[in-house]
Amino acid sequence: MSLIAAPILRERGQREVFCGLTSIVWLHRKMPDAFFLVVGSRTCAHLLQSAAGVMIFAEPRFGTCILEEGDLAGLKDANEELDREVARLLARRPDIRQLFLVGSCPSEVIKLDLAKAAERLDGSNPDVRVLNYSGSGIETTFTEGEDACLAAMVPGLERTERRQLLVAGALPDAVEDEMRRLLGGLGIEPVVLPGGRAGAHPAVGPGTAFALAQPFLAETHDALVRRGARHLPAPFPFGEEGTTLWLRAVAEAFGVDEALFDAVTAAPRARARRAVAQAAEALRGRRVFLFPDSQLEIPLGRFLVRECGMEAVEIASPYVHRGIHGPDLDLIPEGPVLAEGQDVDAQLARARGARADLTVCGLGLANPLEAEGLTTKWAIELVFSPVHFYEQAGDLAGLFSRPLRRRAALRGLHP
Ligand code: SF4
């Protein structure tokens with residue numbers, strides 16, 4: 001029996017996660033002529049600034065239009081102010097071709113209609129595509145920011161009848177290059193969402209088959225299906241097994257010959273297996289507890305259990321979508337608790353009771369748990385690090401084994 005048949009523990013309590021604004025930090029790198037304008041408070045500005053601290057010397061590609069007390073009290077016309085700020089921004093930065101108005105908790109609390117604002121600003125700025133999405137922390141976890149952004153782009157994509165593969169999800173450039181090389185070897189030239197500059201985003205239509213590169217793109221999935229595209233369900237490309245099965249799902253949909261598939265994948269598969277085996281030495285036989293954070297938990301749980309020899313105590317994800325996570329759940333043997341959502345106190349009690357060898361959790365929980373003697377891994381690092389496909393498989397295992405090695409070194413032991 002696999003975890004796909006297991007009951008889901010659904011929790012709807014207090015959550016400990018970053019909000020969707022965080023995703024701007026990696027999204028802006030994939031769209032060089034885009035600007036992300038957060039309509040929010042000073043807290044939002046501080047979050048962005050500290051999350052993106054490394055970008056301090058780069059030309060800023062995001063900013064915050066701060067709602068002051070007067071806006072929040074409804075004493076000023078926030079729309080007028082927004083129009084004025086956008087006009088100033090576009091006059092100062094004629095290189096901007098895509099402008100995302102990003103909603104936040106404060107803009108949602110005062111019910112500022114950013115969809116209408118984006119429509120109005122799009123109409124009055126013919127050289128700039130203006131879109132909006134929510135990055136608010138009221139209902140989201142941080143990777144939903146990317147999902148909301150990509151989903152907002154889908155209705156505006158050109159239509160095509162062409163038979164093509166679309167890969168959805170922002171990947172670091174080196175990882176995207178590896179994916180293109182692998183697919184190119186199979187004779188498939190994918191189009192990618194996001195596609196980069198304005199005008200370079202892919203077209204979509206009934207001939208489009210799409211694969212998700214990230215497990216947190218549920219809204220984008222639905223938006224693509226509404227445009228007539230067909231989803232290719234597959235495990236996510238983490239580790240040797242996940243990458244092979246992801247590529248195989250694409251290869252089968254495009255009628256790639258088995259011999260060609262083996263010829264293209266054999267060498268990188270062997271490399272990945274070797275790298276994982278080496279990096280996973282410290283993980284074998286150890287127990288892992290995954291808190292819900294990035295929505296990568298289910299495919300990573302599969303990777304840790306099947307390729308690194310770990311035993312999962314609990315695999316929790318902010319959302320469990322059987323249509324998206326089903327192929328990964330199918331591969332995880334029954335045993336761990338499968339949880340959706342969070343009730344942080346109840347979950348902390350379970351984690352403390354389990355005292356797993358490794359607890360994967362958000363930054364806010366990691367320090368207190370470390371102080372209690374648990375070994376933790378910051379989940380957010382998994383989103384910021386290149387972890388997809390064959391060449392990163394060893395590094396991915398290494399990200400989990402490092403905290404165990406560090407703890408052992410601190411104790412003066414070897415794992
Ligand atoms: Fe905080 Fe909400 Fe702003 Fe995120 S969007 S920084 S959760 S106020």
Side-chain angles (χ1 to χ4, degrees), residues 11-28 34-56 60-76 78-79 81-82 85-86 89 99-118 130-152 170 216 218-219 291-296 317-319 341-345 347 361-367 378-381 383-384:
E11 297 196 303
R12 297 288 180 265
Q14 197 189 332
R15 292 164 296 138
E16 291 278 342
V17 284
F18 282 117
C19 67
L21 300 186
T22 320
S23 57
I24 293 172
V25 175
W26 67 85
L27 273 175
H28 83 273
F35 193 96
F36 294 81
L37 185 63
V38 176
V39 184
S41 64
R42 287 185 199 282
T43 310
C44 308
H46 287 144
L47 173 100
L48 255 191
Q49 215 163 6
S50 43
V54 285
M55 293 297 299
I56 204 95
R61 299 266 311 291
F62 40 78
T64 310
C65 194
I66 293 180
L67 294 163
E68 302 283 2
E69 275 176 25
D71 302 296
L72 298 173
L75 300 176
K76 293 189 200 162
N79 275 304
E81 289 187 60
L82 180 61
E85 287 309 320
V86 167
L89 172 70
L99 176 64
F100 292 95
L101 304 180
V102 187
S104 66
C105 306
S107 73
E108 288 187 3
V109 166
I110 64 165
K111 302 206 182 314
L112 185 57
D113 191 341
L114 289 184
K116 264 208 184 111
V130 186
L131 292 171
N132 79 289
Y133 70 90
S134 170
S136 139
I138 295 176
E139 294 186 63
T140 57
T141 181
F142 70 102
T143 47
E144 280 182 276
E146 175 174 335
D147 188 23
C149 176
L150 300 190
F216 44 74
E219 261 192 67
F291 273 74
D293 196 81
S294 62
Q295 302 191 64
L296 263 62
S317 176
Y319 300 100
Q342 190 166 43
D343 179 346
V344 73
D345 289 330
Q347 198 164 36
C361 59
L363 281 169
L365 299 179
N367 283 349
W378 293 352
I380 199 163
E381 214 184 318
V383 176
F384 283 104

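Read the numbers this way: they start at 1 and go in the same order the structure lists the ligands and their atoms.
Residue contacts to atom 4 (Fe) of ligand 1: C44 brings no N, O or S atom closer than 2.8 Å.
Heavy-atom proximity to atom 1 (Fe) of ligand 1, evaluated over T22, T43, V38, is greatest for T43. Among C105, S41, C19, the residue whose heavy atom lies nearest to atom 2 (Fe) of ligand 1 is C105.
Distance OG/S294 to CZ/F384: 11.0 Å, rounded to 0.5 Å. Atoms CG and CZ, on L21 and F36 in that order, are 11.5 Å from each other to the nearest 0.5 Å.
Side chain to side chain, E16 and Q342 fail the donor-acceptor criterion of an N or O pair below 3.5 Å.
Near S104, meaning under 4.0 Å from any of its heavy atoms, are these atoms of ligand 1: 5 (S).
Between P292 and V17, the closest side-chain pair of non-hydrogen atoms is not below 4.5 Å.
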